[in-house]
Amino acid sequence: MMSEHILFLTGQLAERPLKRILTEMALPDRTWSVRQMGVKVAALMTAEMIQRRLTDTEGADWIMIPGRCRGDLDTLTQHFGVPVRRGPEELMDLPQYFGLEGKPADLGKYDVRIFAEIVDAPRLSVDEILERAERFAAEGADVIDLGCLPDTPFPHLEQSIEYLKEAGYRVSVDSMSPEDLLVAGRAGADFLLSLNEHSLWVAEEVDAVPVIIPHPQNDLASLERAIARMEALGKPYLADPILDPIHFGFADSIVRYHSLRRSHPEVEILMGVGNLTELTEADTVGINAILMGLISELGITNILTTQVSPHCRTAIREADRARRVMYWARQENSLPKQIDGGLTGLHERNPFPYSETEIRELASEIRDPNFRIQVSTLGIHVYNRDGLHTHSDPFALYPHLGVDADGSHAFYLGVELARAEIAHQLGKRYVQDRPLAWGCLIDRPEEDMSRYQAPGTTKRKKKPTGG
């Protein structure tokens, strides 16, 4: 088989590090060459510049341009007659790009259905319920669950179900009142939470799929009897042994799920994860990751989650990302590691791609007054042609910047140094002029790399003031 030849385009400062990384990588079945395009910083290259300056593709099968290089790649591909592709933002991520740290994960598949509960549905108007349903669905919910409240009338329950169904949502209703569930089933709800062996008569009256639970709560034998009855009826159902909070039966409840799966390998199970996420004051992204790993091992295909407590406000999107990661890991028979960074909101696997020595090498090549900011294990590094300064405290760096009389520049550097400080303290990836990434916790709009960024507010010319 003939080897593939790749032409890497880069700038002056990155040329030497790029060659070193490519040599260390030893790309299998590939040869490569590097072309320095006559620009200091690789990110400053544009598609138009490449089209003008690159006159020989050196027989390359395809061309890689820097990850932050903007422009229309389709136009370049057509011009050169070979594919032009955008590489990773950091040179140190090239091994991962080429699959030398595991093949890229396809997170488009999962096998866990997410029920997202609107816990205070009786107190909301139909419009408010629809608005919340839209938000939950956008975050990954598959079923909108209407949570009823004890001793609280829900006169618009039927109307809410009707409108949700018309909007295309699958709907469940969560109540301990059999009468509420009967009304919900007749109104067209898809699922009913929750029935036990004493209220299973509701399941005989309606077509909705019941979620059955033990009664009393920790009595697995009660759940077994309810399962047997549903099997005799020949109707679909979900079984939920109930996940208890920590110090209130948590370990025993895990045993119940495990026991149910061993005794009933084919039963469809639901786990309500809110008793752990809502009732544990800890970052929920890690809790959801661990729970979804357990769910994956046990073959549980439904979860009920909530977003009530302020620290749980991204629980749905966390569960959505976790189910995809765990599905991929299980299919690949691998650990859930080096698959996707969406579940590492506060920290990152490789936060500091450049060492202090490499940053010093880059700084020694700078010949202009513009400040560059990078972060390593040692601290924050700020440098330009006048020198390199390093400290973990941004305030200690300010006297070296010389921007006392330049308000807009000082403001810009203040924002960037604050980001860099957070990145250094938490162990996150810092990239100058880019907001910090927080995994799946915060939506980060995907950049259109075919377009050029407008100048930032601190770089725009000030309008003259009247007077």
Side-chain angles (χ1 to χ4, degrees), residues 3-73 76-77 79-80 82-101 350 352-376 378 381-388 390 429-434 449 452-453:
S3 63
E4 177 182 63
H5 186 72
I6 308 169
L7 174 61
F8 292 84
L9 306 185
T10 191
Q12 295 172 19
L13 295 178
E15 181 180 11
R16 188 165 56 184
L18 174 59
K19 288 180 177 178
R20 181 175 70 243
I21 292 169
L22 291 173
T23 300
E24 294 171 353
M25 282 170 54
L27 287 170
D29 301 319
R30 294 182 175 101
T31 59
W32 53 267
S33 57
V34 173
R35 178 75 63 84
Q36 194 267 101
M37 297 300 292
V39 60
K40 276 280 186 183
V41 182
L44 297 181
M45 287 195 304
T46 65
E48 291 81 0
M49 179 190 298
I50 293 170
Q51 188 168 327
R52 289 196 311 270
R53 296 187 181 184
L54 183 63
T55 57
D56 179 10
T57 61
E58 303 179 11
D61 294 286
W62 60 280
I63 300 168
M64 176 178 282
I65 67 172
R68 297 190 199 118
C69 175
R70 292 178 178 269
D72 185 358
L73 300 194
L76 287 179
T77 295
H79 176 77
F80 292 115
V82 295
V84 178
R85 300 166 186 163
R86 191 172 281 109
E89 291 192 353
E90 296 291 349
L91 292 179
M92 299 303 181
D93 293 331
L94 277 170
Q96 184 178 21
Y97 179 95
F98 282 100
L100 301 181
E101 296 181 356
N350 183 23
F352 309 125
Y354 297 96
S355 68
E356 178 201 1
T357 300
E358 290 167 325
I359 292 172
R360 286 189 177 279
E361 289 180 2
L362 287 171
S364 68
E365 300 290 333
I366 298 300
R367 299 292 181 266
D368 61 68
N370 298 318
F371 286 108
R372 278 79 168 177
I373 304 173
Q374 289 183 272
V375 178
S376 75
L378 191 64
H381 306 269
V382 182
Y383 57 91
N384 64 3
R385 68 185 179 190
D386 299 319
L388 168 68
T390 302
R429 180 74 65 92
Y430 169 81
V431 179
Q432 190 171 351
D433 294 326
R434 300 285 297 277
M449 297 302 293
Y452 299 102
Q453 282 185 317

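Nothing fancy with the numbering, it's 1 onward along the sequence.
Although no hydrogens or angles enter the test, the distance criterion places no donor-acceptor pair under 3.5 Å between the side chain of R372 and the main chain of Y383. Looking at E15, its side chain never comes within 3.5 Å of a backbone N or O of Q36 through a donor-acceptor pair. A distance-only check finds a donor-acceptor pair linking the side chain of D61 to the backbone of H5 [under 3.5 Å]. Using a distance-only test at 3.5 Å, with no hydrogens or angles considered, no donor-acceptor pair links the side chain of R70 to the main chain of A47. Looking at N384, its side chain does come within 3.5 Å of a backbone N or O of P369 through a donor-acceptor pair.
Taking 4.5 Å as the limit, some side-chain heavy atom of M64 sits within range of a side-chain heavy atom of Y97. E4 is not listed as a side-chain neighbour of T31, based on a closest heavy-atom distance of 4.5 Å or more. H381 is listed as a side-chain neighbour of L388, based on a closest heavy-atom distance under 4.5 Å. Contact annotation: the side chain of L378 approaches that of T390 to within less than 4.5 Å [non-hydrogen atoms, C-beta and beyond].
The residues R68 and D433 are annotated as not salt-bridged, no charged nitrogen and carboxylate oxygen being separated by less than 4.0 angstrom. Between E48 and R52 there is no salt bridge, since no side-chain N of the basic residue sits under 4.0 Å from a carboxylate O of the acidic one. Electrostatic pairing of E365 and K40 does not count as a salt bridge here, judged by no charged N lying under 4.0 Å from a carboxylate O.
F98 and W62 have tilted rings, their planes meeting at an angle from 30° to 60° on a 0 to 90° scale.
Under the salt bridge (charged side-chain N to carboxylate O under 4.0 Å, His left out) criterion, E58 pairs with R35, sequence neighbours left out.
Note that the CD1 atom of I366 and the CG atom of D386 stand 11.5 Å from one another [nearest 0.5 Å]. Atom OG in S33 sits 9.5 Å away from atom CD1 in I63 (nearest 0.5 Å). In this structure, CD on Q374 lies 10.0 Å from OG on S355, to the nearest 0.5 angstrom.
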Subject >> Working for salt bridge (charged side-chain N to carboxylate O under 4.0 Å, His left out), residues R20 and E358 >> reply: CA-CA 12 Å; R20 181 175 70 243; E358 290 167 325; 3.0 Å; yes
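Minimum interatomic distance between L91 and Y354 (heavy atoms only, all atoms of both residues): N-OH, 3.5 Å. Listed here is the closest heavy atom pair of L73 and V84: CD1-O, 3.6 Å.
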